[in-house]
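Just so you know, ligand 1 is whichever comes first in the structure, and atom 1 is the first atom listed for that ligand. These values consider heavy atoms only, across backbone and side chains, with no hydrogens, waters or symmetry-generated copies. Positions are given from 1 along the sequence.
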Amino acid sequence: MCGVFGTVIPGGEPTEAASLATLGLFALQHRGQESAGVAVSDGEQLMLYKDLGMISTVLDERRLPSLRGALAIAHCRYSTTGSTVWENAQPTYRQGPRRAIAVGHNGNLVNTRELLTQLAGGRSRLPASTDTELLTALLADEEADDTVDALLRVLPRVRGAYSLVILDQRRVIGVRDPHGFRPLVLGRLPRRSGDVSDDAGPWVADDDAGVGWCLSCETAALDIVGAEFVRDVDPGEIVVLEPGRAARSVRFADADPALCVFELIYFARPDSYMEGRNLYEARRRMGEQLAIERPVDADIVIPVPDTGAPAAAGYSEASGLPYREGMYRNRYAGRTFIQPSQGMRHRGVTIKLNPLREVVSGKRLVVVDDSIVRGTTTKRIVELLRKAGAREVHVRISAPPIYHPCFYGIDTSIETELIAASHTESEIRDFIGADSLGYLSIRGVLAALDLPYDRFCFACFDGNYPEPVPYDAASRKFILEEPVATSARG
Ligand code: SF4
């Protein structure tokens, strides 16, 4: 899971596209906190700046003067292939014999090893160890007239999850894999009245001159930059954006939709929309379903902040139990689940959450969260609440148990790290130290969404993988690091 954003702004200030892409990316910080970067084109040259760290520290105002051009893409990273090192930050950049391109990728490929055999020169030509770097090299090498033609030749060989923003000299291109595992939406920046330069640079302007375009993995980022939602990029579709022109659609595969349902349950912002559903409302309804499926006699309902709040509100409404905020969350600490190492995750819980003793002491609590992955975070939360005087702690999860690894862009590819894969519900309850534990069913998720099963990927819950995963994809986060392990991981 990463954040991607792209924009074209004809006739704006020289650094406006980079500024707007950074602003859009900032709205997507929750999707990746390991690195950030922006690539721009002025119609002649591509420029790139990226580094490890949060967006606000990497892309501060000092970087903007050098990032000039009407086209920009931006990326923040959550690693699923390759270590957290500078080389693996995105956007990637490659000057090939045919073209220069930069790529931002949300998702994870499942046939990386197979693709590597197709790269002339092999692994030694890759300066980084990500599937995105490999894809970028294949696209830059491809003997095709332009980037869209290169995509039409390369993408049929690529399998897995990819929502891409691609920059070449003259275009920003959005691509979504045939399953559409990760979201990608198209937005339109309204024509500005009176402040648009007549000189649209090297672009041939038509009726859409002055109109800008955006691509984003979440609609919330469109809101933040002032763009209007136009539509989802379809699974199997390429969308080509050029300054001063209407967006162009090119289909490269039939759609076989399987949007990651976890995007709706947990990952994406609650103010985003997916599949026509507002995610706050979808999560609130999941909480209602959870109260129907897993009721409990208690005094109050509290969320694990912030992501458990909508479902806790729904649980409260459906159960009639009062809703209270029982934990303070330090908003300056990163997401627990997104931290790459176990040690950091454990420290993260204590740094991040502190129970409100006045609220929880002596109470029978329903504690609502959106997922249990390894169980260690929930165990720590229960410990903290008991220490603060809670009389009973009943944990309710607004998602089904995670039995299976994800190979499509979430770093849960090691089955042994998933507590539900090896423990029964009562064993998990004992491990986390709760008085009771209850999960929402898949049927309950679908009832809350009011959408059919076949629109989504539910693989981590039911093992039904929409895209076959080669055997060696398991535990292969460092698949491209084996020959260079010493230098890449140092
Ligand atoms: Fe999402 Fe789970 Fe499917 Fe991965 S396996 S894409 S996390 S639903």
Taking non-hydrogen atoms within less than 4.0 Å of ligand 1, which protein residues qualify? Arg182, Cys260, Val261, Phe262, Cys406, Tyr408, Ile410, Cys457, Ala459, Cys460
Walk me through it: do Leu115 and Val158 pass the test side chain to side chain contact (heavy atoms under 4.5 Å, CB included)? CA-CA 7 Å; Leu115 291 173; Val158 177; 4.2 Å; yes
Is the closest side-chain heavy-atom distance between Leu164 and Val4 below 4.5 Å? no
If you define the side chain from C-beta out and look only at heavy atoms, does anything of Ser129 sit under 4.5 Å from Arg123? yes
In terms of relative ring orientation, are Phe181 and Tyr408 parallel, tilted or perpendicular, with 30° and 60° separating the classes? parallel
Could you walk me through whether Gln90 and Thr132 pass the side-chain hydrogen bond (donor to acceptor under 3.5 Å, both in side chains) check? CA-CA 8 Å; Gln90 295 185 32; Thr132 318; 3.0 Å; yes
Yes or no on side chain to side chain contact (heavy atoms under 4.5 Å, CB included) for Val373 and Leu418, after CA distance, side-chain angles and deciding distance? CA-CA 5 Å; Val373 180; Leu418 303 173; 3.8 Å; yes
